[in-house]
**Student:** 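Mind looking over this structure? Questions follow.
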2 protein chains.
Amino acid sequence: MDFSGAQSVDRALGLLALVGRHAGRGVGLSTLVEESGLNKPTARRLLLALMRAGFVEQDEATRRYYLGAESYVLGSLAAPRYGLLQFAMDSVVRLSRQTQDSAFVSVRRDLVSVCLHREEGTYPVRTHALQTGFEHPLGCGAGSLAILAALPDAEIETVLEANAPVLAASYPLYPPERIRADVAATRARGYALNPGLIVANSWGVGVAIRDRFGRAIGALSIAAIDTRLHPPRQAEIGALLAAEATRVEQKLAQRQSVYFTPVPETPRKSA
Amino acid sequence: MDFSGAQSVDRALGLLALVGRHAGRGVGLSTLVEESGLNKPTARRLLLALMRAGFVEQDEATRRYYLGAESYVLGSLAAPRYGLLQFAMDSVVRLSRQTQDSAFVSVRRDLVSVCLHREEGTYPVRTHALQTGFEHPLGCGAGSLAILAALPDAEIETVLEANAPVLAASYPLYPPERIRADVAATRARGYALNPGLIVANSWGVGVAIRDRFGRAIGALSIAAIDTRLHPPRQAEIGALLAAEATRVEQKLAQRQSVYFTPVPETPRKSA
DNA sequence: ATGTCGTGATCCATATTGTGGACCCTTATG
DNA sequence: CATAAGGGTCCACAATATGGATCACGACAT
């Protein structure tokens with residue numbers, strides 16, 4: 001038993017994450033096969049295991065795969081430690097109401113940022129470039145860039161290096177130098193701007209959310225078509241985002257201190 | 001490739017669920033070995049895989065295992081489908097304030113009920129029989145019994161049969177006939193009562209939460225020492241719980257209909 | 001100091017376990 | 001009614017996980 005081992009577990013967990021990224025819409029087997037790089041029998045076998053454990057469910061009629069109840073239970077149990085969504089929800093709703101555009105919370109997950117929630121705007125022309133579950137390398141997209149820019153310089157370099165292959169392969173508009181420049185601009189401005197680099201005409205403004213120790217753990221952002229994000233409105237929205245980010249940070253700090261209250265070990269029953 | 005297969009995945013997912021049941025407190029390796037029935041090298045190897053994927057984290061200093069960020073992300077992505085906690089949170093807080101006792105939301109997970117959140121009461125003498133992450137077979141404990149009693153009779157029998165081994169092994173005070181009687185009493189009364197059967201002197205009152213289709217998916221409950229749960233107060237609390245359960249059900253019904261709005265398939269980037 | 005118990009982590013020969021190319025079935029499509 | 005696209009499955013092959021034994025560390029107790 002050296003370092004690695006348990007390869008089927010790695011693959012299964014990768015699949016599970018993949019199903020999660022499609023939550024809400026559901027995924028077909030062939031999409032999963034394609035995105036995971038596994039082959040059909042293997043993917044299916046692992047999905048059966050995930051279903052046995054309740055982490056994934058399959059719609060009998062459409063045969064599409066969705067996250068299962070156990071995934072939800074697990075996340076709820078992890079919430080005291082990482083509960084960004086529950087504290088950011090109010091802010092996202094408020095932002096979307098105030099701006100009439102779609103608002104988002106994203107969370108940092110290692111080298112990428114994942115969109116946890118999208119609150120639909122009321123303005124009739126909307127961009128659907130970002131949806132719940134979508135992920136982008138840190139630095140690509142408004143929220144994602146806001147998170148990156150809030151990291152220490154050394155960490156930024158580590159992240160960019162680790163992301164280099166993905167960036168080169170799938171984000172042609174994002175060479176590392178461009179991201180470094182964006183980081184500088186973000187810091188100078190106070191908010192991150194994505195001028196339609198992922199989907200043309202779909203612009204975004206984002207601000208980072210930090211934990212009690214000052215580490216960037218996520219971001220709030222707003223997306224709209226380019227004509228609705230001219231510089232003066234950018235700055236306005238940037239200020240709104242910053243104010244809401246502060247509120248979220250306060251709630252987080254409060255709950256985190258509760259969480260770190262020592263809890264005595266207790267006997268338990270297990271199934 | 002017949003029906004089963006992917007056994008290491010089954011074990012890994014079992015371990016993951018187990019770590020979740022200890023979330024907040026963290027678990028040591030030996031506890032996991034004991035509770036999972038695996039042996040040390042295997043458990044460790046699987047935990048390494050879970051850590052590689054970010055579902056589990058290990059505290060460098062204490063070597064205890066906790067749920068990781070990916071678990072949280074996954075749960076947040078599953079929330080639109082199963083979001084009980086986010087809709088019940090308000091009610092639980094209110095219940096705990098009103099009664100001064102500890103209040104809980106539990107969710108049904110197949111044959112058991114899992115406590116998703118405990119809101120501490122203010123009354124100085126408190127029972128700690130139920131904590132976040134603990135699970136009991138359906139029928140054992142106030143919330144758990146409330147859920148069971150809300151199921152169709154046929155399903156109750158199926159559940160009791162499937163749970164028979166666990167009940168016999170770990171719940172000596174809960175023979176199936178006793179549970180059947182409790183179900184009848186619960187239905188007659190309108191709320192479930194646990195008269196200290198899991199931990200002596202720790203009583204509980206619970207009411208089920210149903211989804212839009214009338215299926216019991218979880219429960220709200222209150223726990224206190226026996227002297228604080230004499231019959232008149234039981235009934236009072238039962239009414240409070242029923243009122244809050246209705247509120248949660250309304251929020252759920254609303255959000256569920258939003259969820260089922262068709263969403264067009266969209267191209268995505270994946271890491 | 002030093003013995004010993006509890007816990008965490010790891011080695012490595014064994015055989016059980018997963019792998020994936022080829023194939024079948026069902027449902028949409030022209 | 002042909003054809004394709006997607007979902008699901010078989011089975012010979014070999015790579016993979018398994019777990020008893022062992023080591024490493026820290027916390028007491030002597």
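Proteins get letters first, then strands, A, B, ... in listed order; numbering begins at 1 in each. Treat the numbers as computed from the prediction; the structure is a model and nothing was measured.
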**Student:** In whole Å, I'd like the distance from the CG atom of B:Leu48 to the P atom of D:dT18.
**Tutor:**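 Going from B:Leu48 (CG) to D:dT18 (P), I get 13 Å.
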**Student:** Measure the angle between the two terminal helix axes of the helix from C:dA1-D:dT30 to C:dG30-D:dC1, five base pairs each, and quote it to 10°.
**Tutor:**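 Between the axes fitted at each end of the helix from C:dA1-D:dT30 to C:dG30-D:dC1 lies an angle of 40°.
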**Student:** Step through it carefully: locate the ring centre of B:Tyr171, locate the ring centre of B:His136, and say whether they are under 6.0 Å apart.
**Tutor:**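 Ring centroids of B:Tyr171 and B:His136 are less than 6.0 Å from each other.
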**Student:** Rounded to whole Å, please give me the gap between CG in A:Asp10 and C1' in C:dT17.
**Tutor:**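 Nearest whole value for this atom pair: 16 Å.
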**Student:** Provide, to the nearest angstrom, the distance between the CG atom belonging to B:Asn39 and the P atom belonging to C:dC12.
**Tutor:**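 The answer, rounded to whole Å, is 18 Å.
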**Student:** Are the side chain of B:Asn163 and the backbone of B:Leu167 linked by a donor-acceptor contact shorter than 3.5 Å?
**Tutor:**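 No, B:Asn163 side chain to B:Leu167 backbone: no donor-acceptor pair under 3.5 Å.
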**Student:** Crowded around A:Glu155 CD? As in, over 12 foreign heavy atoms under 6.0 Å?
**Tutor:**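 Buried by this count: over 12 neighbours within 6.0 Å.
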**Student:** Between N or O atoms, less than 3.5 Å apart, protein on one side and nucleotides 4-7 of chain D on the other: list the pairs.
**Tutor:**
from	atom 1	to	atom 2	distance (Å)
D:dG7	OP1	A:Leu29	N	3.1
D:dG7	OP2	A:Ser30	N	2.7
D:dG7	OP2	A:Ser30	OG	2.6
D:dG7	N7	A:Lys40	NZ	3.1
D:dG7	O6	A:Lys40	NZ	3.3

**Student:** What I'd like to find out is whether the side chain of B:Gln86 reaches to under 4.5 Å of the side chain of A:Gln86, using heavy atoms alone.
**Tutor:**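 Not in contact.
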**Student:** Any ion pair linking A:Arg81 and B:Glu57 (charged N to carboxylate O, less than 4.0 Å)?
**Tutor:**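 Salt bridge flag = yes for A:Arg81 with B:Glu57.
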**Student:** Taking only N and O in the side chain of B:Ser8, is any of them less than 4.0 Å away from OP1 or OP2 of D:dA17?
**Tutor:**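 No.
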**Student:** Nearest to the side chain of B:Arg11 - D:dT16, D:dG19, C:dG18?
**Tutor:**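 The closest nucleotide is D:dG19.
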**Student:** Distance check needed: C:dT19 P versus A:Leu38 CG, whole Å only.
**Tutor:**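 Between P of C:dT19 and CG of A:Leu38: 8 Å.
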**Student:** Rounded to whole Å, please give me the gap between CG in A:Leu46 and P in D:dA17.
**Tutor:**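 Atom-to-atom, A:Leu46 to D:dA17, this comes out as 12 Å.
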**Student:** Considering only side-chain heavy atoms of A:Pro41, which listed nucleotide, C:dG21, D:dT18, D:dG19, is closest?
**Tutor:**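 Nearest nucleotide to the side chain: C:dG21.
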**Student:** Rounding to a whole Å, what distance do you find between A:Leu47:CG and C:dT19:C1'?
**Tutor:**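 Rounded to the whole Å, the gap is 16 Å.
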**Student:** Between atom CD in A:Glu60 and atom P in C:dT27, what is the gap in whole Å?
**Tutor:**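 Nearest whole value for this atom pair: 13 Å.
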**Student:** Can you tell me how far P of C:dA9 sits from CG of B:Asp59, to the nearest Å?
**Tutor:**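 Between P of C:dA9 and CG of B:Asp59: 11 Å.
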**Student:** Determine yes or no for a side-chain-to-main-chain donor-acceptor pair under 3.5 angstrom, with A:Arg64 supplying the side chain and A:Gly26 the backbone.
**Tutor:**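 Side chain of A:Arg64 to backbone of A:Gly26: a pair is present.
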**Student:** Under 4.5 Å between any side-chain heavy atoms of B:Phe87 and B:Gln254, yes or no?
**Tutor:**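 When only atoms from C-beta onward are counted, B:Gln254 and B:Phe87 do not touch, as no gap falls below 4.5 Å.
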**Student:** Could you tell me whether the side chain of A:Leu13 reaches within less than 4.5 Å of the side chain of B:Leu13, counting heavy atoms only?
**Tutor:**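 Yes, close enough: below the 4.5 Å cut-off.
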**Student:** For A:Asp153, check salt bridge (Lys or Arg N to Asp or Glu O under 4.0 Å) against everything at least two apart and list the hits.
**Tutor:**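 So A:Asp153 forms a salt bridge (Lys or Arg N to Asp or Glu O under 4.0 Å) with A:Arg187.
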